[in-house]
Amino acid sequence: MTSEEWVSSIESLCQSKAEEFRLVGYEYVSGKDIWECVSEKYAKTGEPMMHQVVNDILSLKVTKFMNFMTISAYKGTHF
């Protein structure tokens with residue numbers, strides 16, 4: 001899989017997860033927001049294997065995402 005294909009796949013997964021969150025009432029979630037939340041831990045550990053990234057995106061819970069957004073708002077890094 002090329003780098004471009006990998007990025008496209010991850011963007012699709014993030015968009016899909018954002019749509020899932022919108023279905024349960026979180027209207028303003030974007031794929032970019034999902035990726036920022038998931039990839040935050042990769043800054044410390046480095047880029048993991050593809051299956052781990054996919055698992056992290058698909059298993060992301062609303063509570064973890066909202067905690068990330070709240071902390072980002074307090075830090076002033078996201079908004």
Side-chain angles (χ1 to χ4, degrees):
M1 181 176 274
T2 67
S3 177
E4 291 174 1
E5 292 172 331
W6 187 84
V7 169
S8 177
S9 297
I10 296 302
E11 286 175 349
S12 294
L13 283 173
C14 289
Q15 191 62 35
S16 175
K17 184 53 96 167
E19 290 172 9
E20 177 186 326
F21 284 5
R22 284 193 288 269
L23 285 174
V24 295
Y26 295 89
E27 297 175 16
Y28 301 105
V29 178
S30 70
K32 182 181 176 201
D33 296 333
I34 299 294
W35 177 246
E36 288 177 6
C37 178
V38 170
S39 66
E40 178 185 42
K41 71 179 181 179
Y42 304 150
K44 295 178 185 176
T45 62
E47 189 173 310
M49 299 199 50
M50 185 177 202
H51 69 275
Q52 183 63 45
V53 174
V54 170
N55 182 60
D56 290 345
I57 294 168
L58 294 178
S59 64
L60 181 64
K61 305 285 187 239
V62 172
T63 53
K64 181 177 178 181
F65 177 74
M66 291 309 294
N67 286 340
F68 167 77
M69 294 297 280
T70 302
I71 290 170
S72 293
Y74 283 133
K75 289 180 179 177
T77 57
H78 188 70
F79 297 104

Give the minimum heavy-atom separation between Val24 and Val62, together with the two atoms involved.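 Of all heavy-atom pairs spanning Val24 and Val62, the closest is CG2-CG2, 4.4 Å.
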
Using every non-hydrogen atom in the two residues, find where Ser30 and Ala18 come nearest and quote the distance to one decimal.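 Heavy atoms only, the tightest pair is C-CB, 3.6 Å.
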
According to the interplanar angle, ranging from 0 to 90°, do the rings of Trp35 and Tyr42 count as parallel (below 30°), tilted (30 to 60°) or perpendicular (above 60°)?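 Answer is tilted, since the angle falls between 30° and 60°.
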
Listed partners of Glu20 passing side chain to side chain donor-acceptor pair (under 3.5 Å), at least two apart: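 Result, side chain to side chain donor-acceptor pair (under 3.5 Å) vs Glu20: Lys17.
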
Who are the side chain to side chain donor-acceptor pair (under 3.5 Å) partners of Ser9, not counting sequence neighbours?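 Expected list: none.
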
Using a cut-off of 6.0 Å, state whether more than 12 heavy atoms not belonging to Glu5 lie near its atom CD.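 Yes, CD of Glu5 has more than 12 neighbouring heavy atoms, counting only those of other groups under 6.0 Å.
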
Before giving the answer on side-chain contact (heavy atoms from CB on, under 4.5 Å), spell out for Met66 and Tyr26 the whole-Å C-alpha distance, their side-chain angles and the decisive distance to 0.1 Å. CA-CA 10 Å; Met66 291 309 294; Tyr26 295 89; 3.7 Å; yes

Show every donor-acceptor pair shorter than 3.5 Å between a side-chain atom in residues 47-55 and any protein atom, with sequence neighbours excluded, or say none if there are none.
{"residue": "Gln52", "atom": "NE2", "partner": "Asp56", "partner atom": "OD1", "Å": "2.8"}

Do side-chain atoms of Arg22 reach the backbone of Tyr28 as a donor and acceptor pair under 3.5 angstrom?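 No; judged by distance alone, with no hydrogens or angles, the pair does not exist.
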
Is a side-chain donor or acceptor of Ser12 paired with a backbone partner of Ser8 at a separation under 3.5 angstrom?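 Flag set: sc Ser12 to bb Ser8 pair under 3.5 Å.
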
Return the [atom1] to [atom2] distance between [X] and [Y], rounded to the nearest 0.5 Å.
{"X": "Asn67", "Y": "Lys61", "atom1": "CG", "atom2": "NZ", "answer": "14.0 Å"}
{"X": "Ile34", "Y": "Glu11", "atom1": "CD1", "atom2": "CD", "answer": "13.5 Å"}
{"X": "Cys14", "Y": "Glu36", "atom1": "SG", "atom2": "CD", "answer": "10.0 Å"}

If we only count heavy atoms from C-beta on, is the Asp33 to Phe68 side-chain gap below 4.5 Å?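 No; the side chains remain at least 4.5 Å from each other.
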
